2 protein chains.
Amino acid sequence: MSPAASHSTNASRDLGNRVAEELAAGLFSGRYRPGEMLPKETELCDAFGMSRPSVRNGLQILSSLGIVRRISGKGTVVEEFREWNLLDPMVTRWMAEYAQPNPNFLAEIFEFRHATEPTIAALAARKATARDLLAMEEAFQGMEAALEGAEAGEEWDRSAFSDHDVAFHAAIYRATHNLVWAQLAHILRPSITLVVRTSNETAEELRDSLGRHRHLMECIRLRRPEDAEEAARRVMARTAFDLGITPDPDAGPGPAPNAHAPDDAPKKASPHRRA
Amino acid sequence: MSPAASHSTNASRDLGNRVAEELAAGLFSGRYRPGEMLPKETELCDAFGMSRPSVRNGLQILSSLGIVRRISGKGTVVEEFREWNLLDPMVTRWMAEYAQPNPNFLAEIFEFRHATEPTIAALAARKATARDLLAMEEAFQGMEAALEGAEAGEEWDRSAFSDHDVAFHAAIYRATHNLVWAQLAHILRPSITLVVRTSNETAEELRDSLGRHRHLMECIRLRRPEDAEEAARRVMARTAFDLGITPDPDAGPGPAPNAHAPDDAPKKASPHRRA
DNA sequence: ATACTAGGCTATGTCAGACATAGGGTTCAA
DNA sequence: TTGAACCCTATGTCTGACATAGCCTAGTAT
């Protein structure tokens, strides 16, 4: 009807988000770099075929995420990467979706996970409810199913596996029933999908990883905080190997990926190393 | 001059932020509660004396922070608290500024800090640069100066002390040179200012706290990760006491989770939130 | 009587055009 | 060389209008 609809808002009703999304694709993929200027509003209007208010709406979103800064009378400049709100859910989604894997950045997220997930697992073992355990179990079964599909010979769906992997770890974060950690679950997605997209684990390696996840889940279910802590360390050791940070999945918890730190102190030997 | 200035944009050039700020004050103080509806746009225009685009701009900011949800044709509804992006710098500022201290929430942030700051301190001890150490030192001297002013008898400026306290811990977070932790430094402000606003430490207690901070700083400067870890635990033990979480600042690093809420918030047996 | 549809009302989403003002550069004079 | 006055550009804001999603109500058919 009315093909020449004047406003023609038949498509989406959320144009600002579309603008932000498209620009984010360029921002996160590195097409626009910090310090550079984005096209001016009128040019973006032209490029997207939308009115100025909608374009401004999109720019506003990016601005409130610390990704760009709007300078009155001058234009829109890309902020330094360090200023971006990397912990915002939308930003983490964009990272997982558009960013090309940056080894340095992945290593930093891993460093964070490596230091915290054992603690989180212990807390989860103390506080997890039946609902939390269910979420973990469903995610785990999803990983299992994806892996079996792969072993059945079909072409193997990496994204299905990594989605459930994300869900598994997020369930543990949420099981702490702590607002801060629950929100930090968002950084899992870029951390996991970016590595899965590039690395090439064998079926055997994945099965090993799955076993470690199962063990972690069992420790949480049985309410054994200390065992859960150790189990989480073993999961992270596996992840470190898949990320290429350690040469051996059973190698100790090398804390920092980059060893340029002038540490005259011996690194912390894991206190309870039950083999 | 031109009293009938039509546009009269004499005041600020950032009306959207003003709207967001004012609404945030109401949102964080509990005047608007999750599930409720905000006034409609035209009413807000009237209340703030601004045009619809500006008001929409402010609502857009709150929306992109997960604080409200805009429903086309219906209105603006306040999201559940758990959906708010509590890790966003602007949100943490609003929490520190407008939220009345919620014991439960403070306990959760403390739980997070208690679990992570020792690790962070150890990492900082490995990676801190001269610039990081300078930032820590300046913040520490700021705390010292504020405390001495207090002991000199003048009326004592809590906010000066807590600002430098925030800066001190933030410097440690940043000294890790890890993007994730650097961003997490933002949660320090509500955690610290909210407790300082309510608690009533004596000068002696503050001096004790200051000593623990100094020791932590020295351990980091001397690049002793393990000592820094322990020193951070002692700082957190002091903080736990000031928060009313533990009865004794030297009561070991009792993992706060199960022991919190001694007097003012009787702990529920079931962790389920459902009422 | 119940269920389903049609219509109207409300509040948000989008558009168009206009003016005001901050930032930055340029020109001209002291 | 330096300073001030000028102009241009791009963003910030306003006004007024229409389009559409969500919701409520009334009317009709079975």
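Each chain gets a letter, A, B and so on, in the order its sequence line appears, and its residues count up from 1. Because the structure is predicted, anything quoted here is derived from the model rather than measured.
- Along DNA chain C, the nucleotide nearest B:T76 and the nucleotide nearest A:I71 are compared for position; the residue whose nucleotide lies closer to the 5' end is B:T76.
- Residue B:L59 contributes atom CG, which lies 10 Å from atom C1' of C:dT12 at whole-angstrom precision.
- Checked against D:dA10, C:dG13, D:dT13, the side chain of A:K40 finds its nearest nucleotide in D:dA10.
- For B:R56 and C:dT12, the shortest distance from a side-chain N or O to OP1 or OP2 is not below 4.0 Å.
- Of the two residues contacting DNA chain C, namely A:G73 and A:P53, the nearest-nucleotide position lying further toward the 5' end is that of A:P53.
- Rounded to a whole Å, the CG atom of B:D14 is 16 Å from the C1' atom of C:dA20.
- Nucleotides of DNA chain D nearest to B:N57 and B:R52 differ in position, and the one nearer the 5' end is that of B:N57.
- Atom CZ of A:R69 sits in a sparse spot, with 12 or fewer heavy atoms from other residues, nucleotides or ligands closer than 6.0 Å.
- At whole-Å resolution of the value, CG in B:L38 and P in C:dA11 are 14 Å apart.
- OP1 or OP2 of C:dC15 has at least one side-chain nitrogen or oxygen of A:S51 nearer than 4.0 Å.
- Of all nucleotides listed (D:dG12, D:dT13, C:dC15), D:dT13 comes nearest to the side chain of B:L15.
- Within the 4.5 Å cutoff, the side chain of B:V68 has no heavy atoms near those of the B:E79 side chain.
- A:D14 and A:N17 share a donor-acceptor pair across their side chains, judged by distance under 3.5 Å alone.
- Regarding A:R69, its CZ atom lies at a distance of 12 Å from the P atom of C:dG23, rounded to whole Å.
- With hydrogens and angles disregarded, a donor-acceptor distance shorter than 3.5 Å links the side chain of A:Q183 to the backbone of B:L86.
- Neither side chain, B:H186 nor B:D88, offers a donor N or O lying under 3.5 Å from an acceptor on the other.
- When rounded to the nearest whole Å, the span between CD of B:E41 and P of D:dG16 equals 16 Å.
- Counting to the nearest Å, the P atom of C:dC15 and the CG atom of A:L44 are 14 Å from each other.
- With rounding to whole Å, A:R18 atom CZ is found 11 Å from C:dT14 atom P.
- Residue A:S54 has a polar side-chain atom (N or O) positioned under 4.0 Å from OP1 or OP2 of C:dC15.
- The side chain of A:K74 lies closest to C:dG24 when the candidates are D:dT11, C:dG24, C:dT12.
- Per the geometry, CZ belonging to B:F48 stands 18 Å off C1' belonging to D:dG12, to the nearest Å.
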